[in-house]
Amino acid sequence: MKKWHIKNEEEMIALGRQLGQWLDAGDLVLLEGDLGAGKTTLTKGIGQGLGVTKVINSPTFTILKVYQGRVPLYHMDVYRLEGMHQELGFEEYYDGDGVCVVEWATFVAEELPLQRLEITITHETNGRLVQMTAKGEHYEEIIEKVKM
Ligand SMILES: Nc1ncnc2c1ncn2[C@@H]1O[C@H](COP(=O)(O)OP(=O)(O)O)[C@@H](O)[C@H]1O
Ligand SMILES: [Mg+2]
């Protein structure tokens with residue numbers, strides 16, 4: 001587990017950019033944190049690290065948005081699926097040709113592969129605490145490379 005104290009939005013994007021640089025096709029990133037914690041902001045940075053040039057916005061009303069970068073970025077926000085426990089048919093995306101970033105991932109926990117990078121964002125007095133936990137050796141290597 002690795003953690004960072006993030007003072008503002010710019011730093012959150014920079015952290016995401018760092019991480020995005022090292023992500024590749026088939027990678028899965030789970031984002032946990034309250035509304036306004038900074039999940040989408042971190043995803044904007046991940047997109048930059050993946051070479052996405054379009055502006056990334058909250059996908060809340062569409063569940064899934066696809067962005068073209070070095071590899072595709074599949075940005076999911078499953079907030080609206082709380083308690084629905086239905087098959088989404090997203091399996092093809094996990095372990096697919098792109099990077100999956102899932103906001104509110106606990107709502108679809110059963111559906112997600114066990115090997116993943118779990119990121120928790122919490123509010124603190126002067127910003128946000130970002131904790132990254134690797135599930136699997138592959139993600140441990142990625143976390144190691146993230147320098148901020
Ligand atoms: N340290 C910080 N890191 C990230 N966002 C921050 C920070 N401080 C303030 N903010 C603000 O908090 C909000 C986070 O929103 P967003 O990324 O959409 O959250 P979420 O997707 O978790 O609901 C943004 O308006 C951003 O400007
Ligand atoms: Mg969001």
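In this chain, residues are counted from 1 in sequence order. Counting starts at 1 for both ligands and their atoms, in listed order.
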> Is the distance from the Mg ion (ligand 2) to the nearest N/O/S atom of T40 under 2.8 Å?
Replying inline: yes
> With a cut-off of 4.0 Å, which atoms of ligand 1 are near a heavy atom of E103?
Replying inline: 21 (O)
>> Which residue and atom name correspond to the protein heavy atom nearest atom 1 (N) of ligand 1, and how close is it?
In response: I6 O, 3.2 Å
> Among pairs that include at least one residue of residues 87-106, which meet ring-ring contact (aromatic ring centres under 6.0 Å, His included), considering only residues two or more places apart or in two chains?
Replying inline: Y74-Y93, Y79-W104, F90-Y93, W104-F107
> Taking non-hydrogen atoms only, is K7 closer than 4.0 angstrom to ligand 1 via side chain, backbone, both or neither?
Replying inline: backbone
>> How far is atom 11 (C) of ligand 1 from the closest protein heavy atom, and which atom is that?
In response: R128 NH2, 3.8 Å
> Touching ligand 1 at all, D34? Heavy atoms, strictly under 4.0 Å?
Replying inline: yes
>> Would you say that T106 contacts V78 through its side chain, given a criterion of any heavy-atom pair below 4.5 Å between the two side chains?
In response: no
> What pairs meet the side chain to side chain donor-acceptor pair (under 3.5 Å) rule with one or both residues in residues 12-28, with sequence neighbours excluded?
Replying inline: R17-Q48, D27-H138
> Looking only at heavy atoms, what is the nearest atom pair of Q131 and K3, with distance?
Replying inline: CG-CB, 3.9 Å
> What is the nearest protein non-hydrogen atom to atom 26 (C) of ligand 1, stated with its residue, atom name and distance?
Replying inline: E9 OE1, 3.8 Å
>> How long is the straight-line distance from CE of M132 back to CD1 of I142, given to the nearest 0.5 Å?
In response: 10.5 Å
> Is S58 in contact with ligand 1, taking contact as a heavy-atom separation below 4.0 Å?
Replying inline: no
> Any idea which heavy atoms bring I56 and G47 closest together, and the distance?
Replying inline: CD1-CA, 3.7 Å
>> Polar contacts were defined as any N/O atom of the residue lying under 3.5 Å from an N/O atom of the ligand; does this apply to L35 and ligand 1?
In response: no
> Around atom NZ of K2, are there more than 12 heavy atoms of other residues, nucleotides or ligands at under 6.0 Å?
Replying inline: yes
>> To make sure I understand the geometry: which N, O or S atom in E103 is closest to the Mg ion (ligand 2)?
In response: OE1
>> Among all the protein's non-hydrogen atoms, which is closest to atom 17 (O) of ligand 1, and how far away is it?
In response: T41 OG1, 2.6 Å
>> Membership question, hydrophobic clusters at under 4.5 Å side-chain separation (ILVMFWY): are L129 and I13 in the same one?
In response: no
> Could you give the distance from CE (M1) to OG1 (T120), rounded to the nearest 0.5 Å?
Replying inline: 8.5 Å
>> Starting from atom 18 (O) of ligand 1, what is the nearest protein heavy atom, named by residue and atom, and what distance separates them?
In response: T40 CB, 3.6 Å
> Any side-chain donor paired with an acceptor under 3.5 Å for H75 and E103?
Replying inline: yes
> Among protein heavy atoms, which sits nearest to atom 19 (O) of ligand 1, and what does the distance come to when rounded to 0.1 Å?
Replying inline: G38 N, 3.1 Å
> Does any N/O atom on G36 come nearer than 3.5 Å to any N/O atom on ligand 1?
Replying inline: yes
>> With respect to M12, determine whether any N or O atom, backbone or side chain, lies less than 3.5 Å from an N or O atom of ligand 1.
In response: no
